[in-house]
Amino acid sequence: MIHLPLRSVLFVPAANEKAMAKVATLEADALILDLEDSAGEAEKTEALRRVTGALEAGGFVAPLVLVRVDPARKAAALVALTRYVGHGLNGYVIPKVGAAVHLTGYEAPVWAMIETAKGVLNLKEICTAPGLQGLIAGPNDLRADLRVSPTPERTELQLSLSNIVLHARAFGLSVIDGVYNTFRDDEGLRRECENGRALGFDGKTLIHPAQIAVTNAVFAPTEGQLDWARAVVAVFAQPENLDKGVVSVNGEMVERMHLATARRWLASPLP
Ligand code: COA
Ligand code: MG
């Protein structure tokens with residue numbers, strides 16, 4: 001699991017010259033430079049060239065920079081990108097992972113996109129892959145594979161999304177929710193972020209820079225949660241409570257696992 005905030009994880013289409021031109025300045029918690037679905041077949045070579053150009057230039061504001069490879073062009077991607085691993089490039093995102101073997105051969109941290117029925121079904125085996133850092137839900141491909149249509153509450157994806165979170169937590173991985181396609185609908189995005197947060201995701205993948213602010217705000221602790229966290233830390237710090245397993249905070253039972261949650265929230269960045 002990555003111990004950086006991963007609230008906003010922005011896909012940047014490497015085929016899009018204008019998007020790539022400002023890639024270093026994008027203030028998301030993480031970037032995924034995309035060589036897969038957002039690049040047309042005729043654009044793939046140029047997209048890879050743009051990614052190497054951006055990594056060569058460096059200077060990213062985003063603390064974590066990943067590249068989503070197109071497994072059909074894995075060899076060319078590795079030839080071009082290996083030298084940047086640990087030098088500006090923090091790892092690879094692998095799309096449509098259906099088995100742990102799909103994650104081998106990268107010799108770098110890898111992130112698995114779970115976006116097929118097979119991927120969901122094989123999560124337990126996928127999570128044993130060496131070098132795996134996190135899971136990323138891919139709702140567009142998953143809906144297509146499941147032959148379901150979007151609903152406002154994402155009822156059609158709940159089983160898959162919860163399975164992704166469950167496996168990530170069981171295996172100590174980061175876990176990022178899927179994209180929200182209607183990129184000018186802030187209210188819809190906010191609702192979906194809240195749903196993703198309630199399901200247990202660390203953050204959300206995004207398709208447009210305009211989605212960063214809302215997402216960072218929703219995945220940060222609320223004022224009420226911060227008040228609760230400060231109270232929990234203060235009560236456990238009292239001399240008479242140093243060895244206690246359970247205490248009372250404002251009429252509510254609080255145990256030591258709550259103290260861990262409180263500390264995590266207090267360490268979170270504010271929006
Ligand atoms: N990352 C960086 N910059 C982006 C961006 C992104 N994901 N999405 C848009 N921009 C840039 C545009 O290039 C444009 O730049 P400009 O002002 O220099 O012209 C600016 O932000 C405003 O863009 P806008 O006109 O609002 O959107 P658009 O119509 O150009 O693009 C999409 C809309 C959806 C096509 C585009 O956001 C996109 O391709 N998103 C990512 C898709 C992707 O990676 N999919 C794969 C994962 S699901
Ligand atoms: Mg896809």
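Just so it is clear, the structure is predicted and the values come from calculations on it, not from any experiment. We count ligands from 1, going down the list as the structure has it; atoms in each ligand are counted the same way. Below, all heavy atoms of this structure are taken into account, side chains as well, without hydrogens, waters or symmetry copies.
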**Item:** Short side-chain to backbone donor-acceptor contact, Thr205 and Asp177, under 3.5 Å
**Value:** yes
**Item:** Within-cutoff protein neighbour (heavy atom, under 4.0 Å) for atom 35 (C) of ligand 1
**Value:** no
**Request:** Could you check atom 24 (P) of ligand 1 against the protein and tell me its nearest heavy-atom contact, residue, atom and distance included?
**Result:** His208 NE2, 3.4 Å
**Message:** Among all the protein's non-hydrogen atoms, which is closest to atom 2 (C) of ligand 1, and how far away is it?
**Reply:** Ala19 CB, 3.6 Å
**Message:** Can you report which non-hydrogen protein atom sits closest to atom 43 (C) of ligand 1, along with the distance?
**Reply:** Ser38 CB, 3.6 Å
**Message:** What I want to know is whether Phe11 and ligand 1 share at least one N or O pair that is separated by under 3.5 angstrom.
**Reply:** yes
**Atom of Asp141 closest to the Mg ion (ligand 2), considering N, O or S atoms** = OD2
**Message:** Show me which atoms of ligand 1 lie under 4.0 Å from any heavy atom of Arg184.
**Reply:** 24 (P), 26 (O)
**Message:** Taking side chain to side chain contact (heavy atoms under 4.5 Å, CB included) as the criterion, tell me which of Leu173, Val175, Leu135 meets it with Val165.
**Reply:** Val175
**Closest protein heavy atom to atom 21 (O) of ligand 1, given as residue, atom name and distance to 0.1 Å** = Lys22 CE, 3.8 Å
**Asked** Side chains of His208 and Leu189: does their closest heavy-atom pair fall under 4.5 Å?
**Response** no
**Asked** Can you find a heavy atom in the side chain of Leu226 that is under 4.5 Å from one in the side chain of Leu266?
**Response** yes
**For the student: nearest non-hydrogen atoms of Glu115 and Gly138, plus distance** = CB-O, 3.2 Å
**Message:** Could you check whether any heavy atom of Asp34 sits closer than 4.0 Å to an atom of ligand 1, since that is the contact criterion I want to use?
**Reply:** yes
**Complete:** Here the pair of heavy atoms bringing Asn216 nearest to Glu27 is ND2-O, 4.4 Å
**Message:** Please name the atom of Asp37, limited to N, O or S, that comes nearest to the Mg ion (ligand 2).
**Reply:** OD2
**Prompt:** Of all the atoms in ligand 1, which lie at a distance below 4.0 Å from a heavy atom belonging to Arg68?
**Reply:** 46 (C), 47 (C)
**Message:** Against Val51, only a single residue in Leu89, Leu35, Val69 fulfils side chain to side chain contact (heavy atoms under 4.5 Å, CB included); can you say which?
**Reply:** Leu35
**Item:** Trace of the side-chain hydrogen bond (donor to acceptor under 3.5 Å, both in side chains) decision for Asp145 with Thr116
**Value:** CA-CA 6 Å; Asp145 201 34; Thr116 60; 4.6 Å; no
**Message:** Would you say that Pro109 contacts Asn90 through its side chain, given a criterion of any heavy-atom pair below 4.5 Å between the two side chains?
**Reply:** no
**Message:** Which heavy atom of Ala237 sits nearest to which heavy atom of Leu242, and what is that distance?
**Reply:** O-CD2, 3.9 Å
**Asked** Looking at atom 26 (O) of ligand 1, would you say a protein heavy atom lies below 4.0 Å from it?
**Response** yes
**Request:** Check whether any side-chain N or O of Glu252 sits under 3.5 Å from a backbone N or O of Ser248 as a donor-acceptor pair, and report yes or no.
**Result:** no
**Message:** Starting from atom 29 (O) of ligand 1, what is the nearest protein heavy atom, named by residue and atom, and what distance separates them?
**Reply:** Phe183 CZ, 4.6 Å
**Prompt:** Which one holds for Met20 and ligand 1: side chain close, backbone close, both close, or neither close, with close meaning a heavy atom under 4.0 Å?
**Reply:** neither
**Message:** Among all the protein's non-hydrogen atoms, which is closest to atom 30 (O) of ligand 1, and how far away is it?
**Reply:** Asn16 ND2, 4.8 Å
**Message:** I'd like to know if Glu36 contacts ligand 1, where contact means a heavy-atom distance under 4.0 Å to any ligand atom.
**Reply:** no
**Prompt:** Using heavy atoms and a threshold below 4.0 Å, how should the contact between Glu115 and ligand 1 be classified: side chain, backbone, both, or neither?
**Reply:** neither
**Prompt:** To the nearest 0.1 Å, how far is atom 39 (O) of ligand 1 from its closest protein heavy atom, and which atom is that?
**Reply:** Pro13 CG, 3.4 Å
**Message:** Quick check against the 3.5 Å criterion: does Arg256 have a side-chain atom that pairs as donor or acceptor with the backbone of Lys244?
**Reply:** yes
**Distance flag for atom 45 (N) of ligand 1, protein heavy atom under 4.0 Å** = yes
**Request:** Return the residue, atom name and 0.1 Å-rounded distance of the protein heavy atom closest to atom 40 (N) of ligand 1.
**Result:** Ile207 O, 2.8 Å
